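This structure is in structure tokens; I'll ask about it shortly.
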Number of protein chains: 2
Amino acid sequence: MCPAKISESAVRRLSLYLRVLDAFELAGKTTVSSGDLAERGGVTPAQVRKDLSHFGSFGKRGLGYPVSELRERVTEILGLGRRWRVGLVGAGKLGAALFFYDGFRGQGFDVAAIFDNDPDKIGQRWGRLVVEDIESMDRVMRTSQVEMGIIVTPAVSAQQVADRLIASGVEAILNFAPTRLQVPPGITLRNVNLEIELESLAFALTHENGA
Amino acid sequence: MCPAKISESAVRRLSLYLRVLDAFELAGKTTVSSGDLAERGGVTPAQVRKDLSHFGSFGKRGLGYPVSELRERVTEILGLGRRWRVGLVGAGKLGAALFFYDGFRGQGFDVAAIFDNDPDKIGQRWGRLVVEDIESMDRVMRTSQVEMGIIVTPAVSAQQVADRLIASGVEAILNFAPTRLQVPPGITLRNVNLEIELESLAFALTHENGA
DNA sequence: TCGTGTGAACGAATTCACAGCG
DNA sequence: CGCTGTGAATTCGTTCACACGA
């Protein structure tokens, strides 16, 4: 009922449901059925029920799920009942875009440190933070109690940055650099790779038969 | 051998192999085994062979695959034997980061138009382009022969933008807005959602047992 | 009756294991 | 031999279908 082995995609769907629940709660609905959630989330009702059932029985038969309570439970399950401290490595354009992106702090994630190795960037003030030298990562990460790292450096530096992050105690990394990173077991890594996304679109357009 | 139904993840692995092949070719290697590719790509040798076998027999038994030839074939398969024209919708920070990102044009993708609905942004010169009014999307997209759209607008505008892109003849969309987009069949959609990635990291950190 | 929760059926994707060719 | 190419076996995720409780 609680934790066996939840698939990566199931977890991502929970994020989705959470957003749908937010919308329903805002709209004043007090209960939703798996069908309601499914429709707004673009999945099947059975999928919704199965996903939720991994963590317990939150619904009432014949009625559906209590919106507010389910929202709380899913928030808890995803580990969003608290705030997370994030370190951003790479003070380039993409780093800036992420840093100044609002729906970030709104969701419980605080950027607590920014790093770069470019002397021109180090010392710059970004909002309430100052861009730190990558060399002082270990010290800064520990004093700021950073738990997650986001890599927005060029590909060549990414592995080195990942190694440093891990050495500083970070156990979860989101990598935007177009490189396959090697991380030891126990470290969670997610990749966002623009090139791969575009190439998969190119493949789809090239191999579509009809239309 | 050629086209049945290739899974999305298999296509993404092809992108990966392509990058590994680039590295091998640069290093002067002339043949690689599935084991070589697997090691550098973080997958199993059997997976590599299976993925490639969907498109033909490129290897020699007892020897491996000819690097240069395989690289050409995979490039062709992914639809990267030509350049693609991309339209960027949203001239904010993230849009700018993507626009000025190099490894974009390097991979065969050219941003051919940028749109926004903010009067302050419309008319701005970005490199060789001028930010266009979203209202003129249909005309601009057609004269620029744009084939793919990238959405980097706030969530509230994203669906409307997607509809317009599709009306302008675009059949492939990469969506960075944190919203579930509805698109008709025949339109390829990929989502990149920062919030979902972070939440999946939060889940992983919350539910890790060992350490 | 309605919608959940869930075992069972199904299907997709990965891995295994080996025949076959250089 | 060594390594590919591929059916067979397996694992994993999704969907079905129905018993059960509100």
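Just so we're on the same page: letters track the sequence lines, and every chain starts at 1. Note that the coordinates shown come from a computational prediction; the quantities given were computed from them, not determined experimentally.
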Side chains of B:E197 and B:N193, donor plus acceptor under 3.5 Å: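 No, no side-chain donor-acceptor contact under 3.5 Å.
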
B:S34 versus B:R49, side-chain donor and acceptor atoms under 3.5 Å: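 On atom types as modelled, these side chains qualify, holding a pair under 3.5 Å.
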
Any N/O donor-acceptor pair, B:R61 side-chain to C:dG20 base, under 3.5 Å: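 Counting by modelled atom types and ignoring angles, a donor-acceptor contact under 3.5 Å is found here.
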
Donor-acceptor contact below 3.5 Å, side chain A:Q159 vs main chain A:Q182: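 Checking the backbone N and O of A:Q182 against the side chain of A:Q159, a donor-acceptor pair under 3.5 Å is found.
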
Euclidean distance, atom NZ of residue A:K50 to atom C1' of C:dA9 [Å, nearest integer]: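 Rounded to the whole Å, the gap is 11 Å.
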
Closest-nucleotide 5' rank along DNA chain C - winner of A:A46 and A:G62: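 Of the two residues, A:G62 wins.
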
Ion pair check, A:E199 and B:R19, cut-off under 4.0 Å: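 Yes, charged N to carboxylate O under 4.0 Å.
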
Side-chain donor/acceptor of B:N175 to backbone N/O of B:T179, under 3.5 Å: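 The answer is yes, because a donor-acceptor pair under 3.5 Å joins these two groups.
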
Side-chain N or O of B:T44 closer than 4.0 Å to phosphate OP1/OP2 of C:dT15: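 Checking B:T44 against C:dT15: at least one side-chain N or O falls below 4.0 Å of OP1 or OP2.
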
d(CD, B:Q47; P, D:dT10) in whole Å: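 So the CD-P distance, B:Q47 to D:dT10, works out to 19 Å.
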
Side-chain (B:D116) to main-chain (B:D118) donor-acceptor, under 3.5 angstrom: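 Here the side-chain-to-backbone pair exists.
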
Separation of D:dG13 C1' from A:I6 CD1 (nearest whole Å):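 About 12 Å, once rounded to whole Å.
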
Neighbours of DNA chain D within residues 63-72 of chain B, by heavy-atom distance under 4.0 Å: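 Here the set is B:L63, B:G64, B:Y65.
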
Sidechain N-carboxylate O distance under 4.0 Å for A:E25, A:K29: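 Salt bridge: no.
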
Between P of C:dA12 and CD of A:E8, the distance in whole Å: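 Interatomic distance, CD of A:E8 to P of C:dA12: 21 Å.
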
First encountered from the 5' end of DNA chain D, between A:K60 and A:S9: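 Result of the comparison: A:S9.
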
Spacing between B:L52 atom CG and D:dC3 atom P, to the nearest angstrom: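 In whole Å, D:dC3 P and B:L52 CG are 16 Å from each other.
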
Of residues 33-42 of chain A, the positions that come close to DNA chain C - non-hydrogen atoms, cut-off under 4.0 Å: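 Under 4.0 Å from DNA chain C: A:S33, A:S34.
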
Nucleotide C:dC2, atom C1' - distance to CZ of A:R49 in whole Å: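 The answer, rounded to whole Å, is 11 Å.
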
A:R85 side chain to A:S144 side chain, donor-acceptor N/O pair below 3.5 angstrom: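 Distance-only check fails for A:R85 and A:S144.
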
Spacing of B:R13 atom CZ relative to C:dA12 atom C1', expressed in whole Å: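 Distance, rounded to whole Å: 12 Å.
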
Rounded distance in Å - CZ (A:F58) to P (C:dT4):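 One finds 13 Å between P of C:dT4 and CZ of A:F58, rounded.
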
Geometric class of the A:W126/A:F99 ring pair [parallel <30°, tilted 30-60°, perpendicular >60°]: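 Ring orientation of A:F99 relative to A:W126: tilted.
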
